[in-house]
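In what follows, chains carry the letters A, B, and so on, assigned in the order in which the sequence lines appear, proteins first and then strands, with residues in each chain numbered from 1. The structure presented is a predicted model; accordingly, all values stated were derived computationally and were not measured. Atoms considered below: every heavy atom in the structure, side chains included; atoms not considered: hydrogens, waters and symmetry mates.
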Number of protein chains: 2
Amino acid sequence: MAAIGRPRGFDRDTALEAAMLLFWRKGFAATSMSDLCDAMGISSPSLYAAFGSKEALYLEAVEYYVRTIGPPVWDKLAEGATARAGIEKLLIAWTESLPKSRATPAGCMALLAAVGDEWPATIVRVVKKVRLEMLGALRSRLETAVAKGELPASTDIDGLSRFYLSVFQGMAVQAKDGATPAELRAVAAAAMTAWPGDG
Amino acid sequence: MAAIGRPRGFDRDTALEAAMLLFWRKGFAATSMSDLCDAMGISSPSLYAAFGSKEALYLEAVEYYVRTIGPPVWDKLAEGATARAGIEKLLIAWTESLPKSRATPAGCMALLAAVGDEWPATIVRVVKKVRLEMLGALRSRLETAVAKGELPASTDIDGLSRFYLSVFQGMAVQAKDGATPAELRAVAAAAMTAWPGDG
DNA sequence: CCATTTCTGTATCGATCGACACATAACCAT
DNA sequence: ATGGTTATGTGTCGATCGATACAGAAATGG
């Protein structure tokens, strides 16, 4: 863009990250413009000039979340020699990522936007797409496993991927509820015993 | 109470049920007093006279939910000869109860109040207690199973009950997301393969 | 009948919501 | 310097939020 006119007095990404953390913790409706302005350190007109609206800001915050928070965790799925190892690594990564930490709120932002209060339709649609991508990532890994012979061809791939998505979502809810990493690890361990062929 | 004064022009329980269904579907913040008055068929002052406040009405709605919606499903846990059968019946009951039906919204009201937007502290505390009761019901059934020798004494009861709670919560999220009963049944089937000793 | 009590509808309260008008300040090109 | 362009802060907009004041209506007890 043109470097013309008065330059912006704040860093856009820094402000966006502050908005993401606030939205993540409090949700959409419960986060007011006033809250956002305080957290981002800017005034209302600056926010509107830079992001358009509260709703547009939320959508950008989700995008930022998917871009920065998701990959370090979901990359685990591709690691490990087998799909089983990948899923296990992913589960462990969740137990570390989902509880509230010094830097981030508890739970999964893309999940929290699905449940609870009714949200603007545009947001619901976008976060739903994100959740479908999670399901797709799981299914894709399982399909590869079947193709490689790690799992029998009769495996219910859709059901199994949906099952692990369920476990993830349940863990996210419990994390939001204050569950400790140790408690989540017990859930992950139980979930791994559902791997086909184990006993 | 005294039968003195002008009698109430509406049935309290009927109005409460209407409020519950609306809160269940839309959440707390997204449900306005105006919405409630429309759904309950009464005016704002009547609502305040009968229920006190929006927050008090929500608390009564949760109580009503726990009293009327919960038991038909959770009673399944006690049915069946073994804990395994009880859990399986419970999972199946969820797959039928969680999706949106003609009469009820999707998901679990007590769960939805945990996630998403920030809710009033009193409500958070009450619904958290409800979720702890769910966990307690599962754990209690598993303890009985260990006592009866259905499960080895080394069973991680806390982890296993938390695991099945996770599955339930994940199923509730996916139900809210529009998952079909068939898709939820696949999740339930996968979850049952995690039963200790199966394989 | 009247007095008392309780419920109901209209109309509205102050607070807060998201969003913006406006004037001013800070930068670039010329 | 000067005009063009964009960002900033103050102040405020209409709408909506949850919650009531008030007066009239409907019941009971005398």
Side-chain angles (χ1 to χ4, degrees), chain A residues 1-16 18-20 22-23 25-62 113 116-124 126, chain B residues 1-16 18-20 22-23 25-62 113 116-124 126:
Chain A
M1 266 307 185
I4 207 170
R6 175 173 175 174
R8 185 176 283 129
F10 61 96
D11 183 69
R12 199 175 186 280
D13 265 18
T14 304
L16 181 56
M20 177 200 70
L22 201 59
F23 275 136
R25 181 164 64 83
K26 302 187 60 172
F28 180 74
T31 304
S32 70
M33 290 298 301
S34 175
D35 293 334
L36 287 167
C37 290
D38 288 351
M40 301 167 79
I42 63 179
S43 64
S44 167
S46 296
L47 194 158
Y48 278 89
F51 299 99
S53 71
K54 184 187 175 186
E55 188 171 325
L57 173 60
Y58 188 90
L59 291 175
E60 270 207 60
V62 168
D117 282 340
E118 243 177 22
W119 293 37
T122 308
I123 295 181
V124 169
V126 168
Chain B
M1 268 303 185
I4 208 171
R6 174 173 175 174
R8 186 175 282 130
F10 60 94
D11 183 69
R12 198 175 186 279
D13 265 17
T14 303
L16 181 56
M20 177 199 71
L22 200 59
F23 275 136
R25 181 164 62 84
K26 302 186 62 172
F28 180 74
T31 304
S32 70
M33 288 300 301
S34 176
D35 293 335
L36 288 167
C37 289
D38 287 352
M40 301 166 78
I42 62 180
S43 63
S44 169
S46 295
L47 193 159
Y48 277 88
F51 299 99
S53 71
K54 182 187 176 185
E55 188 171 325
L57 173 59
Y58 188 91
L59 292 175
E60 271 207 60
V62 168
D117 281 339
E118 241 177 23
W119 294 36
T122 308
I123 295 181
V124 169
V126 168

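If you measure from atom CD1 of A:I4 to atom C1' of D:dT2, you get 13 Å, rounded to the nearest angstrom. The CG-P distance, from B:D117 to C:dC17, rounds to 13 Å in whole Å. The distance between atom CZ of B:R6 and atom P of D:dA25, rounded to the nearest whole Å, is 9 Å. B:R12 places its CZ atom 11 Å from the P atom of C:dC7, with the value rounded to the nearest Å. Computed from coordinates, the A:M33 CE to D:dT12 C1' distance equals 15 Å when rounded to whole Å.
With C:dG18, D:dC17, D:dT8 as the choices, the nucleotide that has an atom nearest any side-chain atom of B:S32 turns out to be D:dC17. The side chain of A:K54 lies closest to C:dA19 when the candidates are D:dT8, C:dA19, D:dG18. The B:S44 side chain lies nearest to D:dT20 when the options are D:dT10, C:dA19, D:dT20.
Regarding contacts with the backbone of D:dA19, a side-chain N or O of B:Y48 is found under 4.0 angstrom from either OP1 or OP2. For the OP1/OP2 pair of D:dT8 and a distance below 4.0 Å, the side-chain nitrogens and oxygens of A:S46 include at least one atom meeting the criterion.
The distance from the CG atom of B:L47 to the OG atom of B:S53 is 9.0 Å, given to the nearest 0.5 Å.
Five base pairs at each end of the helix from C:dC1-D:dG30 to C:dT30-D:dA1 define two local axes, and these are offset by 0° (rounded to 10°).
A residue-by-residue look at A:A29 and B:I42 shows that B:I42 has its nearest nucleotide of DNA chain C further toward the 5' end. Nucleotides of DNA chain D nearest to A:P7 and A:P45 differ in position, and the one nearer the 5' end is that of A:P7.
Among the atoms of the strands shown, base atoms are found under 4.0 Å from some heavy atom of B:S43.
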